[in-house]
Amino acid sequence: MDSEDIKRLVTGTGAVAVGIAATAPVGLDAESLYLQWIAAGKHGGMSYLEKYQDVRRDPRLLLEGAESIIVAAFNYYNRDNGKLRWARYALGRDYHEEIRERLDAVATAITITSGAQCRVTVDTAPLRERYWAERAGVGFIGINNQLIVPGAGSWCVLGSIITTLPLDADTPSGRSCDGCMRCVRACPGRALDGKGGMDACKCLSYLTIEHRGEYDATPDRIYGCDVCQEVCPHNATAIPTEIGGFSPRAEILGLGCKDILEMEQSEFSRIFTHSAIKRTKLAGLQRNARMLNQGETQPE
Ligand code: SF4
Ligand code: SF4
């Protein structure tokens, strides 16, 4: 099985873009930016980002003998994000489950046909996914910190297969975003510095999903924030996903603040067990609903 066979297989699972990078330590510039970001505390309470720095630096530590990283992007875009304006990636089935299933099938085919070992990661290992996506020619990282896939935009989740199989590597596209700064101006938390840096402590996505406890901000959305993607011209022609699992669930779209504030744990578990939204836990979601109620929109 060669590089083109594998790309055909990955595309057949629903990916809008796929590329291959040869494993190596990450570049010095990228490494230095990451270390400065951590040292400045801009990762907020996401202490897991401080860990496994050696693995983040060298993906070969994730799989002995790894030669290649296959990176795939899957479109999750949906126009409707519900009464409370949920982050669009979270409205359907949990992307970790949906994408892992798809890439596991490819990894199994690689192992059966070549005997090579594979490890699938979907935001589940200390792998710098956007860096490797850029190296593999899948897209480029915008001023908004999102990976932008030419022709498909940034409404994509990434999944990777690290494998011991040596494959032909792709080259980075060399493209960069337009630098229009719409994302910087529109960011409600002033979290983007206009040079590609982002302070998670000011980001509404971080505050409403990852942060534990109260926060000093007034979100206008219940979970996450899509503003820096909504305003980006690379997303002007975004088309809704064809992946059935990413279709928004009517049950989530229809939720109002009152429903969430009165929600019991059993109901939360029933609705969100197979949704990425479970990450914020019921307490986090109810905190967000209280903060929304204090804002101007006061959605019911
Ligand atoms: S997700 Fe929202 S708050 Fe965070 S950087 Fe983007 S626009 Fe700013
Ligand atoms: S909004 Fe403009 S500056 Fe921001 S990522 Fe998109 S093209 Fe780049």
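Counting convention: from 1, in listed order, for ligands and their atoms alike. Every heavy atom of this structure was used, including side-chain atoms; hydrogens, water molecules and symmetry mates were not.
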Review point. More than 12 non-hydrogen atoms from neighbouring residues, nucleotides or ligands closer than 6.0 Å to CG on Asp5, yes or no?
Key: yes

Point to revise | Element-labelled atoms of ligand 1 that are located less than 4.0 Å from some non-hydrogen atom of Val227 | key: 7 (S)

Check your understanding: By side chain to side chain donor-acceptor pair (under 3.5 Å), which residues pair with Arg175, not counting sequence neighbours?
Key -> none

Revision key, fill the gap. Quick note on ligand 1: atoms under 4.0 Å from a heavy atom of Cys187 include exactly 3 (S), 5 (S), 7 (S), 8 (Fe)

Review point. Excluding waters, which protein N, O or S atoms are within less than 2.8 Å of atom 6 (Fe) of ligand 2?
Key: Cys232 SG

Revision key, fill the gap. Distance col, row Asp54:CG vs Asp58:CG, nearest 0.5 angstrom, shows 8.5 Å

Exercise for review: Mark up the atoms of ligand 2 that fall under 4.0 Å of a heavy atom belonging to Gly179, in ascending order.
Suggested key: 3 (S), 8 (Fe)

Practice item. With sequence neighbours excluded, tell me which residues meet side chain to side chain contact (heavy atoms under 4.5 Å, CB included) with Pro126. Key: Tyr52, Val55, Arg56, Leu62

Point to revise | Protein contact to atom 4 (Fe) of ligand 1 [nearest heavy atom, distance to 0.1 Å] | key: Cys203 SG, 2.4 Å

Exercise for review: Check each of Arg100, Lys278, His274 against Asp94 using the side chain to side chain donor-acceptor pair (under 3.5 Å) test, and report the only one that passes.
Suggested key: Lys278

Practice item. Could you grab the distance from atom OH of Tyr223 to atom CD1 of Ile260, nearest 0.5 Å is fine? Key: 12.0 Å

Check your understanding: Is there an N/O/S atom in Cys225 that lies less than 2.8 Å from atom 4 (Fe) of ligand 1?
Key -> no

Check your understanding: Restricting to pairs with a member in residues 193-211, which pass side-chain hydrogen bond (donor to acceptor under 3.5 Å, both in side chains), not counting sequence neighbours?
Key -> Glu210-Arg279

Review point. Is the count of non-hydrogen atoms from other residues, nucleotides or ligands lying under 6.0 Å from Glu242 atom CD greater than 12?
Key: no

Practice item. Starting from atom 3 (S) of ligand 2, locate the nearest protein heavy atom and write down its residue, its atom name and how far away it is, to 0.1 Å. Key: Met181 N, 3.2 Å

Review point. Quick check: are there more than 12 heavy atoms from other residues, nucleotides or ligands sitting under 6.0 Å from CZ of Arg270?
Key: yes

